[in-house]
Amino acid sequence: MAKNITPREKDYSQWYIDIVKEAQLAEHSPVRGSMVIKPNGYSLWENMRDALDKMFKETGHQNAYFPLFIPKSFLSKEAKHVEGFAKECAVVTHSRLINTEDGVGVDPSSKLEEELIVRPTSETIIWDTYRGWIQSHRDLPILINQWANVVRWEMRTRLFLRTMEFLWQEGHTAHATREEAIEETEKMLEVYRVFAEEFMAMPVITGVKTESERFAGAENTYCIEALMQDGKALQAGTSHFLGQNFAKAFDVTFQDKDGGLKHVWATSWGVSTRLIGGLIMTHSDDDGLILPPKLAPTQIVMVPIFKNDEEKAKVMAYIDEVYAALKSQGLRVKVDDREQYKPGWKFAQHEVEGVPLRVAVGPRDVENGNAELARRDTKTKQVVTKDELIQIVKPLLDEIQQSLFNRAVEHRTNLTSVVSSYEEFKEVLDSKGGFIYAHWDGTPETEAKIKDETKATIRCIPLDNPHKETGFCMVTGKPSEQMVLFARAY
RNA sequence: CGGGGCGUAGCGCAGUCCGGUAGCGCAUCUGCUUUGGGAGCAGAGGGUCGCAGGUUCAAAUCCUGUCGCCCCGACCA
């Protein structure tokens, strides 16, 4: 039915690309590795953004905006930070173009005195700014978030999952004590978990990254990890406890109640348009995108069916009535009254685009006071009366939301294994993939060895670990305090 | 940076081996018939064949160079 979508079974990666294209979410731009986010994709992002933004505000944060350009010298102030990002920075070196024989060229005389970095993340510019804002413990905490674009010069890109430029939010907070900063880090991780599970219907594991997977400049990195349909993991969000690293690098101090001068404690946390990639790979099928009702730009689409003007008048009057009733319940409902497309075409298109519910109304329905209601997630249809329809749509959307989540949890459960030996680990990894719990001796060396040999990484040490029992490392046989979560990842 | 693929109408492609009037499907425009799962018929418009050289009477096609994008890997959110 979905004639332009490669089945997942055949080529998962091509399926993903096809979904992005056919659901009109985004397209490639002329520049390598960057994309145009189309209205369908952007309104989805807006819904995600609005939900998150509300949660940030509810937890006491305010939005601000810091510049796109960062002086090159700032990057080098925190040693690990620069080390982590140095290889993927876009650098602005000149400020003018001039006409040349073959078009335009860079004007050599416009060379910048200090080159500028296009932000790959904003810790440096923000901490340079915070220095001026903080003198006393009375200035703390500072709880700020920004919605912005960032640029990371990636070698290999994939629509939404990894592009050179992407949209995200980055929270940057400053605290008087270590405990308070850690509390903030964990609080925001929890916000992400709730958002992923309740809005995206995407179950996640919360955990802590190992040293090698830690954010450049962080003392500790927390994350939410999701599992995609193909058994690969996706890091869906991170929350970092930055310790005093940036405060020290940018000399941000405050005078405490006891009169002493202390360095500030910091956190940062972010999620990006990558979440859209996660959303696609959690729910969608071979017929196209499937969107959770809470985030779907259109929750219900209504399709009129008629043969002539007389029927059209009746059908449209009937639809307008239902539309008004649904709209008044605060639902995002749309009437697809375009006349250049036939109903069948519209059915197919809205399915590809992932609209959770479709209501079709034709002359027969008007006659009988009915409507045909179709669910995108289960592809089931039922005929209901108009009054029923108006009553059941809202609870049905909730049911779909819940059902998508349950389905994803079930899928994750099926793809989660516990292994006791390295042999078994490799076998499970190759045969079914997914999340694998295993014992690890805690050393970066063993972790690197596993990664080299199997391409699997430690996704996290789960916070709420179901496998806390002690044991012995599957590779070295050394003692292990608890199992950790492995997977091949995006 | 390695491996693979592709640049021909808005989109998807054929034509390239073997040089000789630039084609097909979808989309678009006009008209009529249609409308409960991607409508049918008739007609029409739309191209510096990625770019630059070269060979030739003649190049989408052969030769040389060059640019770009996509996919797969190494690195990363």
Side-chain angles (χ1 to χ4, degrees), chain A residues 1-6 11-14 16-18 21-22 27-35 83-89 102-103 120-121 150-170 192 209 212-216 221 223-226 233-240 268-278 287-288 303-309 311-312 315 337-352 358-368 370-372 374 379 381 383 451-452 455 457 459 489-490:
Chain A
M1 208 148 153
K3 48 187 175 183
N4 297 320
I5 296 173
T6 307
D11 184 344
Y12 194 82
S13 160
Q14 188 59 46
Y16 176 79
I17 294 163
D18 291 344
K21 278 190 186 163
E22 295 299 317
E27 63 189 38
H28 288 287
S29 84
V31 178
R32 180 186 73 85
S34 35
M35 65 176 175
E83 192 186 313
F85 285 105
K87 283 179 290 183
E88 49 188 29
C89 288
D102 36 343
T121 179
V150 286
V151 168
R152 295 180 188 177
W153 214 261
E154 299 289 350
M155 298 180 192
R156 179 144 144 57
T157 56
R158 291 176 62 118
L159 292 164
F160 289 114
L161 293 175
R162 181 170 298 102
T163 47
M164 300 245 282
E165 179 188 2
F166 56 93
L167 305 182
W168 78 345
Q169 57 71 215
E170 44 181 328
Y192 289 156
K209 288 290 186 187
S212 66
E213 298 275 329
R214 202 172 284 160
F215 175 74
T221 288
C223 62
I224 51 172
E225 291 283 327
L234 182 78
Q235 179 173 305
T238 48
S239 182
H240 314 291
S268 70
W269 25 275
V271 297
S272 72
T273 37
R274 167 176 250 211
L275 287 176
I276 294 176
D287 292 323
V303 177
I305 298 162
F306 52 83
K307 284 197 182 77
N308 49 48
D309 284 350
E311 286 185 357
K312 178 182 169 185
V315 167
D337 56 3
R338 294 175 295 178
E339 296 201 21
Q340 68 266 43
Y341 299 113
K342 291 184 63 181
W345 188 92
K346 294 177 186 175
F347 292 175
Q349 191 56 33
H350 294 298
E351 268 163 26
V352 168
R358 180 187 70 231
V359 173
V361 175
R364 283 207 304 271
D365 297 311
V366 177
E367 201 72 25
N368 304 326
N370 290 338
E372 182 194 75
K379 310 260 318 198
K381 291 192 270 201
V383 174
K451 188 180 174 185
D452 280 351
K455 289 176 187 157
T457 49
R459 300 318 303 158
Y490 275 100

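Just so we're on the same page: letters track the sequence lines, and every chain starts at 1.
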> Need the pair for U61(B). Rule: Watson-Crick or G-U wobble, both distances under 3.5 Å, any strand; none if unpaired.
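By the stated definition (distances under 3.5 Å), nothing pairs with U61(B).
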> Across all strands shown, which nucleotide pairs with U55(B) by Watson-Crick or G-U wobble geometry, both distances under 3.5 Å?
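Here U55(B) is not engaged in any pair, so there is no nucleotide opposite it.
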> Return yes if a side-chain donor-acceptor contact under 3.5 Å exists between H240(A) and T221(A), otherwise no.
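Indeed, the side chains of H240(A) and T221(A) share at least one donor-acceptor pair under 3.5 Å.
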> How far, in whole Å, is U28(B) from C18(B) if one measures between their P atoms?
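Those two atoms are separated by 41 Å.
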> For atom C1', what is the distance between A9(B) and G54(B), given to the nearest Å?
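Result for the C1' pair: 29 Å, nearest Å.
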> Heavy-atom distance under 4.5 Å between the side chains of V150(A) and P120(A), does that happen here?
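Side chain of V150(A) against side chain of P120(A), heavy atoms only: no contact under 4.5 Å found.
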> To the nearest Å, how far apart are Q340(A) CD and A39(B) P?
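Taking CD of Q340(A) and P of A39(B), I get 12 Å after rounding.
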> Give me, pair by pair, the N or O atoms of the protein and of nucleotides 5-14 of chain B that are less than 3.5 Å apart, along with how far apart they are.
none

> Does K209(A) have any salt bridge (Lys or Arg N to Asp or Glu O under 4.0 Å) partners at least two apart in sequence or in another chain, and if so, which?
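Testing K209(A) for salt bridge (Lys or Arg N to Asp or Glu O under 4.0 Å), a comparison that skips the adjacent residues, returns E225(A).
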> In Å, rounded to the nearest 0.5 Å, how long is the span from OG1 of T238(A) to CD1 of I224(A)?
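Here the rounded value is 9.0 Å.
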> Can you see whether R214(A) engages S212(A) through a side-chain donor-acceptor pair at a distance of less than 3.5 angstrom?
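No pair is found: no donor N or O on one side chain lies under 3.5 Å from an acceptor on the other.
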> How does each nucleotide of nucleotides 67-77 of chain B score, in 5' to 3' order, for protein heavy atoms under 4.0 Å: base (B), sugar-phosphate only (S), or none (-)?
--SSSSBB-BB
> Measuring only the P atom in each nucleotide, how far is G45(B) from C29(B)? A whole number of Å is fine.
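After rounding to an integer number of Å, I get 16 Å for this pair.
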> How far does the C1' atom of G7(B) sit from the matching atom of G50(B), given to the nearest Å?
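G7(B) and G50(B) have their C1' atoms separated by 6 Å.
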> Partner lookup for C29(B), please. Criteria are Watson-Crick or G-U wobble with both distances under 3.5 angstrom; report none if nothing qualifies.
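Across any shown strand, C29(B) pairs with G43(B).
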> Each nucleotide N or O in nucleotides 29-35 of chain B that has a protein N or O under 3.5 Å away: list the pair and distance.
from   : atom 1 : to      : atom 2 : distance (Å)
U35(B) : O2'    : F306(A) : O      : 3.1
U35(B) : O4     : K307(A) : O      : 3.4

> Side chains of F160(A) and Y16(A): does their closest heavy-atom pair fall under 4.5 Å?
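A side-chain contact under 4.5 Å exists here.
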> Can you say whether a donor on the side chain of E372(A) sits under 3.5 Å from an acceptor on the base of G36(B), or the other way round?
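Side chain to base: no pair present.
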> Mind checking whether F347(A) and W345(A) have ring centres under 6.0 Å apart?
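F347(A) vs W345(A): aromatic centres not under 6.0 Å.
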> Between G12(B) and U48(B), how far is it from one C1' atom to the other, in whole Å?
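The same atom, C1', in both gives a distance of 22 Å.
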> Give none if U34(B) has no partner; otherwise give the nucleotide forming a Watson-Crick or G-U wobble pair with it, both distances under 3.5 Å.
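The base-pairing partner of U34(B), which may sit in any strand shown, does not exist here.
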> I'd like the P distance from C6(B) over to G46(B), given in whole Å.
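After rounding to an integer number of Å, I get 30 Å for this pair.
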> Given the P atoms of G4(B) and G19(B), what is the spacing between them in whole Å?
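Comparing P positions in G4(B) and G19(B) gives a spacing of 27 Å.
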> Could you list the residues that satisfy side-chain hydrogen bond (donor to acceptor under 3.5 Å, both in side chains) with R358(A), not counting sequence neighbours?
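Residues passing side-chain hydrogen bond (donor to acceptor under 3.5 Å, both in side chains) with R358(A): E351(A).
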> Enter the distance from Y192(A):OH to L275(A):CG here, rounded to the nearest 0.5 Å.
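Rounded to the nearest 0.5 Å, the OH-CG separation comes to 9.0 Å.
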> Can you tell me the Watson-Crick or wobble partner of A14(B), both distances under 3.5 angstrom?
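Looking at the geometry, A14(B) pairs with no nucleotide.
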> State which residues pass ring pair (Phe, Tyr, Trp, His ring centres under 6.0 Å) with F85(A); sequence neighbours excluded, sorted by chain then number.
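Residues passing ring pair (Phe, Tyr, Trp, His ring centres under 6.0 Å) with F85(A): H81(A), F215(A).
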> Can D11(A) and T6(A) be counted as having a side-chain donor-acceptor contact under 3.5 angstrom?
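There is no such pair between these side chains.
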> Could you let me know what A9(B) is paired to, Watson-Crick or G-U wobble, both distances under 3.5 Å, or none if it's on its own?
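With both distances under 3.5 Å required, A9(B) matches none.
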> Examine the side chains of S34(A) and S29(A) and answer whether a donor and an acceptor come within less than 3.5 Å of each other.
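Side chains of S34(A) and S29(A): pair found under 3.5 Å.
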> How far, in whole Å, is C24(B) from C71(B) if one measures between their P atoms?
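It works out to 31 Å between them.
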> In whole angstrom, give the distance that lies between atom CD of E22(A) and atom P of A27(B).
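Nearest whole value for this atom pair: 14 Å.
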